[in-house]
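Here the structure comes first, spelled out in structure tokens, and everything after it is commentary.
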Amino acid sequence: MKKKNFATLGLSDQLNDALIGQGYSEPTPIQSEAIPTILTGIDVIGQAQTGTGKTLAFVLPLLEMIDPGKPHVQALIVTPTRELAIQIAEEVNRWAPLKGIRSLSAYGGQDVERQIRKLEGAIHIIIATPGRLLDHIRRETVQLHKLSTLVLDEADQMLHMGFLPEVEQIISVTPSRRQTLLFSATMPQRIRDLAKAYMRQPVEIEVKAKRVTLDEIEQVVVQTTDRGKLDALCHLINEEKPYLAMIFCRTKLRATKLNQELAERGYSTDELHGDLSQAKREQVMKRFRDAKIQLLVATDIAARGLDVEGITHVFNYDIPHDAESYIHRIGRTGRAGQTGKAFTFAAPRDAMYLEQIERGIKMTLGKQGGRRNEAVAGARGLEAGRASRGGRGAGTGEREARGGARGAAALAGRGRGGDAGASGRADAGDWSGQREVRGGARGAAALAGRGRGGDAGGRGRSGAGDWGGQREPRGGARGAAPQAGRGGDANARGRAGTGDWSGQREARGGARGAAAQAGRGRGGDAGGRGRSGAGDWSGEREPRGGSRGAAPQAGRGRGGDAGGRGRSGAGDWGGEREARGGARGAAAQAGRGGDAGARGRSGAGRGTAAQGGRGNRGTQGRGGTGGRRRER
Ligand SMILES: Nc1ncnc2c1ncn2[C@@H]1O[C@H](COP(=O)(O)OP(=O)(O)OP(=O)(O)O)[C@@H](O)[C@H]1O
């Protein structure tokens with residue numbers, strides 16, 4: 001069977017080639033279903049889980065349908081927040097110039113005059129928040145009477161009370177024969193019914209999943225008290241050591257206060273909410289995206305749509321008041337096939353909300369006392385392993401070997417990737433950790449075999465993670481594989497060198513930089529090479545972030561885009577204790593890309609150290625896989 005790519009969905013070779021070049025060799029399920037339907041010109045309500053590629057599902061057909069020869073606004077994308085408008089505008093701008101399409105983003109807090117000046121040339125597509133768009137409509141600086149397609153992203157929120165009047169005003173100045181597209185991860189029935197009043201016989205595309213939330217996100221409720229919350233949060237942060245984390249609060253005031261408290265305790269943190277100036281909002285988002293801050297304390301303003309690579313954890317410091325908010329908040333992690341963890345703090349008086357959330361997501365969440373219940377988590381991992389029959393997980397851990405073999409099996413062999421015709425295979429992660437070797441072989445398999453990497457016909461290979469950690473070598477071989485095999489686009493190779501390390505103390509992040517983005521490639525764009533040398537270092541205490549600098553952007557380009565290579569050297573380092581995160585970089589995104597006919601390969605992380613060779617039998621181990629609010 002011919003492998004699906006974007007051209008088989010009806011997109012031009014030009015866009016298809018560019019997508020492949022950027023590591024998007026295979027459409028996600030929502031893209032496969034929505035793109036051809038949208039191209040026929042009919043109305044669509046599209047629903048799929050968070051982080052599954054809905055943005056490109058509507059952006060790509062829009063770009064295909066716009067005629068750059070016609071000097072008027074043909075497509076409009078409306079989003080609930082400025083951050084989302086900026087993010088989508090960036091996505092549009094990645095591809096629009098290829099087709100000679102000009103776009104404009106219009107959102108509050110930005111200089112109107114500047115926007116108006118930009119509007120003087122022909123603009124084909126506008127990405128906007130409702131308030132600012134209405135401002136332009138009133139000033140008659142934007143005319144929508146020839147609009148062909150209107151997209152409401154996060155449609156359920158846009159049609160909720162807070163936005164509905166503005167959306168109706170916008171709709172009233174567009175042609176009635178326009179195409180209307182609605183997308184969201186959540187679409188309550190009452191909103192669907194309401195939406196139909198603004199649509200013409202819409203086709204409803206819903207990518208069915210077993211659950212509404214992603215399996216890739218481990219969800220835990222932390223039972224606490226209002227007074228105990230801050231300590232419980234800090235305890236979890238210290239224990240979990242997120243790479244990037246989002247912490248959600250109910251109000252702007254509470255977000256500011258929590259941010260201050262965390263800063264006083266020495267955390268790398270900042271806040272995001274609607275009381276900040278636009279310049280500050282943009283600066284915070286940039287610093288967070290660049291991993292210059294580890295924690296982002298936010299209100300629900302940041303709950304929807306934001307796609308920031310590297311968010312490993314979401315903390316609901318204040319419990320969300322409905323299931324939709326919960327789904328979107330936790331959906332900031334576990335995106336595009338990665339794994340993540342979501343902790344929700346619940347005080348006794350939050351019981352009602354918790355019930356509501358559990359009803360909404362149709363599952364009962366695991367509960368913990370103030371401290372994580374190690375045994376429960378450990379057992380869960382093993383259970384998952386058994387159930388999925390992925391690889392094998394030999395765990396001989398003794399205490400708190402939490403998560404243990406989980407990766408080794410949980411998702412092994414499973415993948416999104418590794419689709420039809422491909423073999424999905426992941427070796428197990430052997431480990432014999434003794435204390436808190438948490439995360440263990442996780443990387444070794446967690447996603448290995450999963451897929452995106454090493455898609456049908458391609459190879460996704462990742463070393464296994466053999467290691468015998470002794471004290472808190474957490475994260476261990478994780479990098480060695482998590483996304484390994486992911487990349488390596490058509491005809492390209494996504495390769496990441498290994499992460500050699502012999503960490504000693506808190507050498508956290510380890511070789512991570514060396515590869516974090518390695519092979520990933522924004523860097524080595526079409527025809528080019530993204531290469532970065534290794535990051536040698538031998539930090540001893542808290543050399544956190546490791547060789548990160550050495551490579552962060554290395555090979556970034558989704559792996560070495562079409563025809564190019566994304567390569568990153570290894571990160572050698574020798575820390576001593578808590579060499580956490582270990583070889584992670586060595587592969588974290590390594591190989592991202594590696595699709596059709598390509599190879600995504602990631603070297604292993606040789607662990608020579610005190611903490612055990614976390615690294616992997618790796619080089620060869622095959623993981624593989626075959627393959628309601630207003631804008632604030
Ligand atoms: N075909 C693809 N192959 C690989 N990665 C993809 C593909 N399509 C999208 N992605 C990536 O997946 C990530 C999530 O996509 P996107 O932000 O569109 O998710 P979403 O479904 O809109 O999520 P949310 O519901 O949270 O808004 C992005 O980083 C995007 O670049």
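Sequential numbering from 1 along the given sequence is applied to the chain's residues. When a ligand or atom number is given, it counts from 1 through the structure's own listing order. Source: prediction; values computed, not measured.
- The proximity of Arg304 to ligand 1, defined as any non-hydrogen pair under 4.0 Å, does not occur for either the backbone or the side chain.
- Salt-bridge formation is detected for the pair Arg304/Asp156: a Lys NZ or Arg NE/NH1/NH2 atom is positioned less than 4.0 Å from an Asp or Glu carboxylate oxygen.
- At a 4.0 Å heavy-atom cut-off, ligand 1 does not touch Phe58 at all.
- Residues Pro80 and Phe163 meet the side-chain proximity criterion, which asks for heavy atoms closer than 4.5 Å.
- Residues Arg192 and Glu206 are paired through a salt bridge, judged by an N-O separation under 4.0 Å between the basic side chain and the carboxylate.
- The shortest N/O to N/O separation between Gly23 and ligand 1 does not fall below 3.5 Å.
- Taking the six-membered ring for Trp and thresholds of 30 and 60 degrees, Tyr353 and His321 have nearly parallel ring planes, at less than 30 degrees apart.
- Of all atoms in ligand 1, numbered sequentially from 1 with element shown, those under 4.0 Å from a heavy atom of Thr52 are 19 (O), 20 (P), 21 (O).
- On a distance-only criterion, Glu91 and ligand 1 share no N/O pair closer than 3.5 Å.
- Residue Gln31 touches ligand 1 through its side chain alone, judged by heavy-atom distances below 4.0 Å.
- Atoms of ligand 1 lying under 4.0 Å from at least one heavy atom of Arg332, given by number and element, are 26 (O).
- For ligand 1, the atoms lying closer than 4.0 Å to a non-hydrogen atom of Glu154 are 27 (O).
- With respect to the salt-bridge test (charged N to carboxylate O, under 4.0 angstrom), the residues Glu204 and Lys196 qualify.
- In summary, the atoms of ligand 1 found under 4.0 Å from a heavy atom of Glu26, numbered by their order in the structure, are 1 (N), 2 (C), 3 (N).
- Of all the heavy atoms of Lys54, the ones lying under 4.0 Å from any atom of ligand 1 are found in both the backbone and the side chain.
- Within the 4.0 Å heavy-atom criterion, the part of Asp307 lying near ligand 1 is the side chain and not the backbone.
- Listed by number with element, the atoms of ligand 1 under 4.0 Å from a non-hydrogen atom of Gln49 are 21 (O).
- With a 4.0 Å heavy-atom cut-off, ligand 1 is reached by no atom of His328.
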- Query: Leu182 and Met199: side chain to side chain contact (heavy atoms under 4.5 Å, CB included), yes or no, with the steps?
  - Reply: CA-CA 9 Å; Leu182 265 48; Met199 304 180 84; 3.7 Å; yes
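- At a threshold of 4.0 Å, the pair Lys252-Glu271 does not count as salt-bridged, since none of the basic side-chain nitrogens sits closer than that to a carboxylate oxygen.
- Applying the side-chain contact (heavy atoms from CB on, under 4.5 Å) criterion to Ala323, with sequence neighbours excluded, gives no partner residue.
- Residues forming a ring pair (Phe, Tyr, Trp, His ring centres under 6.0 Å) with Phe6 (at least two apart in sequence, or on another chain): none.
- Residue Ala336 has at least one heavy-atom neighbour below 4.0 Å for each of these atoms of ligand 1: 12 (O), 13 (C).
- Each of the atoms 1 (N) of ligand 1 lies under 4.0 Å from some heavy atom of Phe6.
- Checked by atom type and distance alone, the side chain of Gln294 pairs as donor or acceptor with a backbone atom of Pro242 at under 3.5 Å.
- Atoms of ligand 1 found under 4.0 Å from any heavy atom of Gly51, numbered from 1 in the order shown, are 14 (C), 19 (O), 20 (P), 21 (O), 23 (O), 24 (P), 25 (O), 26 (O).
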